[in-house]
**Student:** 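There's a structure below that I have some questions on.
Side chains are part of it too, since the values below use all heavy atoms of this structure and drop only hydrogens, waters and symmetry mates. We count residues from 1, following the sequence as given.
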Amino acid sequence: QVELVEFGGGLVQAGGSLRLSCAASGRILSINVMGWYRQGPGKQRELVAVITKGGNTNYADFVKGRFTISRDNSKNTVYLQMNSLNPEDTGVYYCNANQVLVAGFPSRRDFWGQGTQVTVSS
């Protein structure tokens with residue numbers, strides 16, 4: 001139905017930058033909210049940033065001023081520019097598409113990507 005594929009994870013030194021991208025494919029009619037979540041070692045999954053179709057954004061306090069979320073509605077793609085990374089940012093980053101209207105389905109649905117590993121060394 002709908003597949004989310006993330007790109008851009010990797011290993012970076014503290015203070016460095018990475019840019020994640022996530023492309024949604026399938027019989028998508030519209031996506032209300034797209035976002036990024038992360039799960040650090042031994043931690044629960046937590047919200048990093050979300051962006052609505054209209055461009056409104058919301059960030060977790062721990063990334064404000066360092067990360068920027070953006071999206072390209074024509075490509076059903078969401079991006080996360082991560083600057084000033086520190087070791088606490090290490091984890092698996094998951095893309096989420098929320099309230100997705102899929103052709104052939106009457107109600108909106110949520111989808112997750114498979115995750116991409118981000119490792120920040122000190």
**Student:** OG/Ser107 to CD/Gln99 distance, rounded to the nearest 0.5 angstrom?
**Tutor:** 11.0 Å
**Student:** Taking all atoms of both residues into account, what is the closest heavy-atom pair of Ile69 and Ile51, and its distance?
**Tutor:** CD1-CG2, 3.8 Å
**Student:** Strictly by disulfide (SG to SG under 2.5 Å), give each pair with a member in residues 2-111 just once, sequence neighbours left out.
**Tutor:**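 Applying disulfide (SG to SG under 2.5 Å) to every pair that reaches into residues 2-111, excluding sequence neighbours, yields Cys22-Cys95.
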**Student:** Mind checking the OG1-CG spacing from Thr116 to Leu80? Nearest 0.5 Å is all I need.
**Tutor:**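 If I round to the nearest 0.5 Å, the distance is 11.0 Å.
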**Student:** I'd like to know whether Asn32 forms a side chain to side chain contact (heavy atoms under 4.5 Å, CB included) with Asn98, so could you lay out the CA-CA distance, the side-chain angles of the two residues, the decisive distance to 0.1 Å, and finally the verdict.
**Tutor:** CA-CA 6 Å; Asn32 190 10; Asn98 185 265; 5.5 Å; no
**Student:** Going hydrophobic residue to hydrophobic residue with side-chain gaps under 4.5 angstrom, can you get from Leu47 over to Trp112?
**Tutor:**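 Yes; tracing contacts between hydrophobic side chains, which count when under 4.5 Å, links both residues.
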**Student:** Looking only at non-hydrogen atoms, find the nearest pair between Arg108 and Ser30 and report the distance.
**Tutor:** NH1-OG, 3.1 Å
**Student:** Give, for atom OG of Ser121 and atom CG of Leu85, the distance between the pair rounded to the nearest 0.5 Å.
**Tutor:**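 One gets 10.5 Å once the value is rounded to the nearest 0.5 Å.
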**Student:** Got a second to check how far Lys53's NZ is from Asn73's CG, nearest 0.5 Å?
**Tutor:**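 Output value for this atom pair is 6.5 Å.
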**Student:** If you take all heavy atoms of Val12 and Leu18, which pair is closest and at what distance?
**Tutor:**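 Minimum heavy-atom contact is CG1-CD1, 4.0 Å.
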**Student:** Between Trp36 and Phe67, does the ring centre distance come in under 6.0 Å?
**Tutor:**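 Aromatic pair excluded; centres sit 6.0 Å or further apart.
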**Student:** Keeping the roles fixed (side chain from Asp72, backbone from Val78), state whether a donor-acceptor pair exists under 3.5 Å.
**Tutor:** no
**Student:** I'd like to know whether Leu29 forms a side chain to side chain contact (heavy atoms under 4.5 Å, CB included) with Val102, so could you lay out the CA-CA distance, the side-chain angles of the two residues, the decisive distance to 0.1 Å, and finally the verdict.
**Tutor:** CA-CA 6 Å; Leu29 299 179; Val102 181; over 6 Å; no
**Student:** Report yes or no: do Tyr94 and Val100 belong to one cluster of Ile/Leu/Val/Met/Phe/Trp/Tyr joined by side chain heavy-atom distances under 4.5 Å?
**Tutor:** no
**Student:** Please round to the nearest 0.5 Å and tell me the distance separating atom OG of Ser21 and atom NZ of Lys75.
**Tutor:** 10.5 Å
**Student:** Tell me, please, whether Phe105 has Arg109 positioned over its six-membered ring: NZ or CZ under 6.0 Å from the ring centre and within 45 degrees of its axis?
**Tutor:**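 Yes; both conditions hold, so Arg109 lies above the ring face of Phe105.
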**Student:** Would a single hydrophobic cluster contain both Phe7 and Val120, if residues Ile, Leu, Val, Met, Phe, Trp and Tyr are joined by side-chain heavy-atom contacts under 4.5 Å?
**Tutor:** no
**Student:** Run Val50 and Tyr37 through side chain to side chain contact (heavy atoms under 4.5 Å, CB included) and show every step you take.
**Tutor:** CA-CA 9 Å; Val50 292; Tyr37 294 72; 4.1 Å; yes
**Student:** What are the two closest heavy atoms between Met82 and Leu20, and how far apart are they?
**Tutor:** CE-CG, 3.8 Å
**Student:** Working note: Ile28 + Leu101, criterion side chain to side chain contact (heavy atoms under 4.5 Å, CB included); need CA distance, chi angles, decisive distance, verdict.
**Tutor:** CA-CA 6 Å; Ile28 299 169; Leu101 187 60; over 6 Å; no
**Student:** Within 45° of the axis and under 6.0 Å from the centre of the six-membered ring of Tyr79, does NZ or CZ of Arg19 qualify?
**Tutor:**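 Because its charged atom sits under 6.0 Å from the ring centre and within 45° of the axis, Arg19 does stack over Tyr79.
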**Student:** So which heavy atom on Lys64 is nearest to which on Tyr59, and how close?
**Tutor:**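 Nearest pair, atom of Lys64 first, then Tyr59: CE-O, 3.5 Å.
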**Student:** Among Arg38, Gln39, Gln117, Glu6, which one satisfies side-chain hydrogen bond (donor to acceptor under 3.5 Å, both in side chains) with Tyr93?
**Tutor:** Arg38
**Student:** Nearest 0.5 angstrom please: Thr90 OG1 to Lys43 NZ, how far?
**Tutor:** 9.0 Å
**Student:** Do you know which two heavy atoms are closest between Asn83 and Ser17, and how far apart they sit?
**Tutor:** OD1-OG, 2.9 Å
**Student:** Evaluate the side-chain proximity of Phe62 to Glu46: yes if any heavy-atom separation is below 4.5 Å, no if none is.
**Tutor:** yes
